[in-house]
Amino acid sequence: MRFSQYFIPTFRETPSDAEIPSQKFALKGGYIKKVAVGIYDLLPLGLRVIRKVEQIIREEMNKAGAHEVLMPSMIPAELWQKSGRWYRYGKELLRITDRGEREYCYGPTHEEVIVDLVTNNIKSYKQLPQNLYQIQNKFRDEIRPRFGLMRAREFTMKDAYSFHASPECLDTTYQRMYQAYTQIFKRCGLKLRVVSADSGAIGGNASQEFMITADSGEDAILYCDCCNYAANIEKATTQLSTTSNEKPNALTQVSTPNQRSIEEVSSFLNTSPSLLIKTLVYNYIPNADLEGETFSVAVICLRGDYELSEVKLGHVLDARVLALASDRDIEDTLKAPVGYLGPINLPTGVKLLVDDSVATIVNGVTGASIADTHFTGVCAGRDFPVNSIVDVKTVKAGDACPECCSGKLIQERGIEVGHIFKLGTKYSESMQAIFLDEQGKTQPFIMGCYGIGVGRTAMSAIEQSHDDRGPIWPIQLAPFEVIIITAKAEDPAQKAAADDLYNKLLSAGIDVLFDDRNERIGVKFNDADLVGAPLRIVIGNKLSEGWIEFNFRLGEKRGVSTSVVYDETVSIIEALRHPID
RNA sequence: CGGUGUGUAGCGCAGUCCGGUAGCGCACUACGUUCGGGACGUAGGGGUCGGAGGUUCGAACCCUCUCACACCGACCA
């Protein structure tokens with residue numbers, strides 16, 4: 001491609017709302033253009049990167065036995081009503097009405113459509129397993145889209161769905177997808193960490209997330225410094241020391257005027273936050289209650305040095321809607337002042353959940369449900385019931401690994417680029433998707449589902465590899481593999497040499513960009529840094545002496561004789577394309 | 001959904017307090033000089049000042065209402 005004839009609108013200044021490197025360079029380098037909140041144009045440069053990611057995905061998915069389809073982005077409400085998600089999915093789902101008052105949604109995911117497709121066309125175990133995928137745009141009306149393509153509302157996703165007659169068969173495909181995903185991100189040149197995850201609104205049991213590690217990642221992940229344990233913070237658990245040698249003291253009421261928070265109370269009573277029991281009150285609507293608006297109340301006790309995980313709590317309560325109760329609500333239902341709540345002497349009928357971190361506390365401290373008053377010498381089980389022991393805490397760095405005895409958890413940030421689930425029969429049952437097994441009996445399909453964020457994968461590459469001038473693309477994703485620059489565009493000798501090399505590299509099947517613009521060389525260097533090609537070839541004033549310059553995007557520079565420049569370029573690109581492990 | 005802030009040329013911004021026919025830098029066009037890390041000069045083109053209503057002889061500026069965008073928060077007992 002010749003730069004002068006191409007469309008790469010770069011900017012000298014960065015748009016002021018860019019927050020992270022990938023967003024900054026994608027906008028500044030002319031990869032994307034914002035059209036509306038969370039909605040973007042993909043410009044030629046951006047599209048080239050996206051297409052390369054897609055190509056890698058296609059090759060690996062096909063190799064793993066999946067077949068590509070393309071489902072519509074507009075989905076009739078009827079299908080979503082059948083699965084029940086029409087009612088359960090919140091405002092993220094963009095609902096649209098057509099001229100005939102028929103309702104649709106713009107698909108945020110395609111379980112319903114694929115189940116509908118397969119139900120009507122697969123009737124026998126003999127036709128299983130089947131694994132179908134598509135690369136299609138989704139729309140999710142996110143609360144807070146940000147970071148450019150990283151969390152857009154409209155975005156491109158590869159989603160695959162597999163159908164099986166047995167759990168064992170699902171396991172096999174799930175493993176194959178795991179391998180394929182590992183291979184995909186490896187080929188994209190990305191550093192990866194796989195964690196067990198919460199399966200969220202999609203439902204199902206086992207699930208793993210493929211995280212690209214980067215400081216700007218929106219997810220927190222915890223992994224063991226000793227064994228293979230790794231989990232999303234929404235799912236991570238820890239091992240608590242269970243024994244306490246303390247002799248229980250008597251329950252004692254103490255005055256704690258104006259001491260409300262964990263910090264205030266623990267320093268006032270000169271004790272550790274880990275001996276405090278904090279009590280939180282949530283309102284929620286259960287999943288079973290599809291259209292109701294009536295809230296139930298749950299009281300949760302948690303050790304003072306932990307934060308509550310609303311994701312975990314949502315699962316425990318099987319809640320469709322979950323919100324912290326207001327101060328007024330709390331005082332109405334518990335007849336106790338906020339800041340001095342405690343699990344002792346709760347009104348009858350109130351649902352009390354006790355986090356396992358609290359269940360073994362001896363001689364703890366908690367609010368007395370009376371203003372300016374706490375209890376000390378609190379013992380779980382003796383002073384309040386621990387019938388419902390749950391895990392609703394957010395595990396933190398330094399906690400003990402739940403799977404090996406010696407490890408400690410380390411926290412880092414990651415970008416979720418892929419997610420694989422064992423869905424089971426959740427959708428096939430709700431949508432009556434059945435086949436006949438070997439005994440001639442009807443069975444619901446056992447399903448798996450496997451997603452990759454395409455744009456997010458591309459942006460992660462920038463997050464993992466850039467300098468202050470622009471992206472440093474891995475060659476597999478780079479919009480161009482080589483960029484040729486002439487120092488003086490109008491110099492006939494330079495122009496001829498560049499044209500010749502450009503045409504030869506094109507014929508050799510190398511993605512080459514020739515910056516033939518009549519610009520000062522500084523301008524071209526800066527734009528080249530934004531294009532981020534691994535190799536830049538500069539044809540300048542040493543040409544007359546038979547020399548051309550190789551500048552690698554990573555920094556190294558060296559002179560090359562004109563006689564070997566083509567051969568050397570080809571072998572460098574070949575070597576970059578096929579790294580030796 | 002709550003808090004805060006911002007809307008003036010394609011991008012980045014000043015002007016608003018104190019009303020008087022709209023400016024700067026970059027980008028763009030033409031010519032000239034330059035030419036190895038975003039050159040310089042001269043001359044140009046481009047804006048219903050987010051929208052609606054009001055006050056006023058006169059509104060980017062004051063008042064009211066709206067819309068949009070951005071950041072923070074929505075884990076606190």
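This one's a predicted model, so the numbers in the text were calculated from it and none came from an experiment. Just the heavy atoms: all of them, side chains too, but no hydrogens, waters or symmetry mates, feed the values below.
Nearest-nucleotide assignment on RNA chain B puts the 5′-proximal partner with E19(A), out of E19(A) and I262(A). Toward the 5′ end of RNA chain B lies the nearest nucleotide of A36(A), the other residue of the pair A36(A) and I277(A) mapping further downstream.
Between C35(B) and K488(A), no contact under 4.0 Å exists linking OP1 or OP2 to a side-chain N or O. Checking the phosphate oxygens (OP1, OP2) of A70(B), a side-chain nitrogen or oxygen of K34(A) falls inside 4.0 Å.
As judged by a 4.0 angstrom heavy-atom cut-off over every strand, V37(A) is placed among residues touching the sugar-phosphate backbone only. Within the nucleic acid shown, Y306(A) has no heavy atom closer than 4.0 Å to any nucleic acid atom. Nucleic acid contact for I330(A): base, since at least one base atom lies under 4.0 Å from a heavy atom of the residue. Within the nucleic acid shown, T279(A) comes within 4.0 Å of at least one base atom, counting heavy atoms only. Within 4.0 Å of K393(A), counting heavy atoms only, lies no atom of the nucleic acid at all. Contacts of G540(A) with the nucleic acid, taken as non-hydrogen atoms under 4.0 Å apart, include base atoms.
Distance noted for atom P between A9(B) and C24(B): 14 Å (whole Å). Comparing the P positions of C67(B) and G51(B) gives an interatomic distance of 15 Å, to the nearest angstrom. U16(B) and A43(B) have their C1' atoms separated by 33 Å, given to the nearest Å. Atom P of C63(B) sits at a distance of 15 Å from the matching atom of G5(B), rounded to the whole Å. A52(B) sits 16 Å from A68(B) when the P atoms are compared, rounded to a whole Å. Taking atom P on both nucleotides, A77(B) is separated from A14(B) by 40 Å, rounded to a whole Å. With both ends at atom P, the span from C61(B) to G20(B) equals 11 Å, rounded to whole Å. Taking the P atoms as reference points, C28(B) lies 44 Å from A74(B), given to the whole Å.
Base pairing annotation: G53(B) forms a Watson-Crick or G-U wobble pair with C63(B), both donor-acceptor distances under 3.5 Å. Nucleotide C40(B) forms a pair with G32(B), judged by Watson-Crick or G-U wobble geometry with both contacts under 3.5 Å. Applying the Watson-Crick and G-U wobble criteria (two distances, each under 3.5 Å), G5(B) pairs with C69(B). C11(B) is paired with G25(B) under the Watson-Crick or G-U wobble criterion, all donor-acceptor distances under 3.5 Å. In this structure C18(B) sits in no base pair that meets the Watson-Crick or G-U test at under 3.5 Å.
For the pairing with R151(A), the salt bridge (charged side-chain N to carboxylate O under 4.0 Å, His left out) check across E142(A), E19(A), E416(A) returns one residue only, E142(A). Here the options are I344(A), L275(A), V362(A), I361(A), the test is side-chain contact (heavy atoms from CB on, under 4.5 Å), and the partner is V378(A); only I344(A) passes. Partner of P471(A) under the side-chain contact (heavy atoms from CB on, under 4.5 Å) criterion, chosen from I462(A), D529(A), V49(A): I462(A).
Under the 4.0 Å criterion applied to side-chain N and carboxylate O atoms, K235(A) and E209(A) are not assigned as salt-bridge partners. In this structure, D305(A) does not pair ionically with K393(A), as no charged nitrogen and carboxylate oxygen lie closer than 4.0 Å. Between E463(A) and R456(A) no salt bridge is recorded (no basic side-chain N to carboxylate O distance below 4.0 Å).
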Between protein and nucleotides 24-34 of chain B, what N or O pairs are separated by less than 3.5 Å?
from, atom 1, to, atom 2, distance (Å)
G25(B), N2, E13(A), OE1, 2.8
C26(B), O3', R12(A), NH1, 3.4
U34(B), O2, R520(A), NH1, 2.8

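Minimum heavy-atom separation, T256(A) to Y340(A): O-OH, 3.2 Å.
Nearest to the side chain of F11(A), among C75(B), G10(B), G37(B), sits G10(B). Checking G37(B), G36(B), A77(B) against the side-chain heavy atoms of R469(A) singles out G37(B) as nearest. The nucleotide whose nearest atom lies closest to any side-chain atom of V523(A) is, among A39(B), C71(B), G36(B), A39(B).
Residue-environment remark: CG (D215(A)) stays at or below the threshold of 12 foreign heavy atoms within 6.0 Å.
The base of G37(B) sits with one of its N or O atoms less than 3.5 Å from a complementary donor or acceptor on the side chain of R536(A).
Remark: R153(A) is not positioned above the aromatic ring of Y106(A), lacking an NZ or CZ atom under 6.0 angstrom from the ring centre and at most 45 degrees off the axis.
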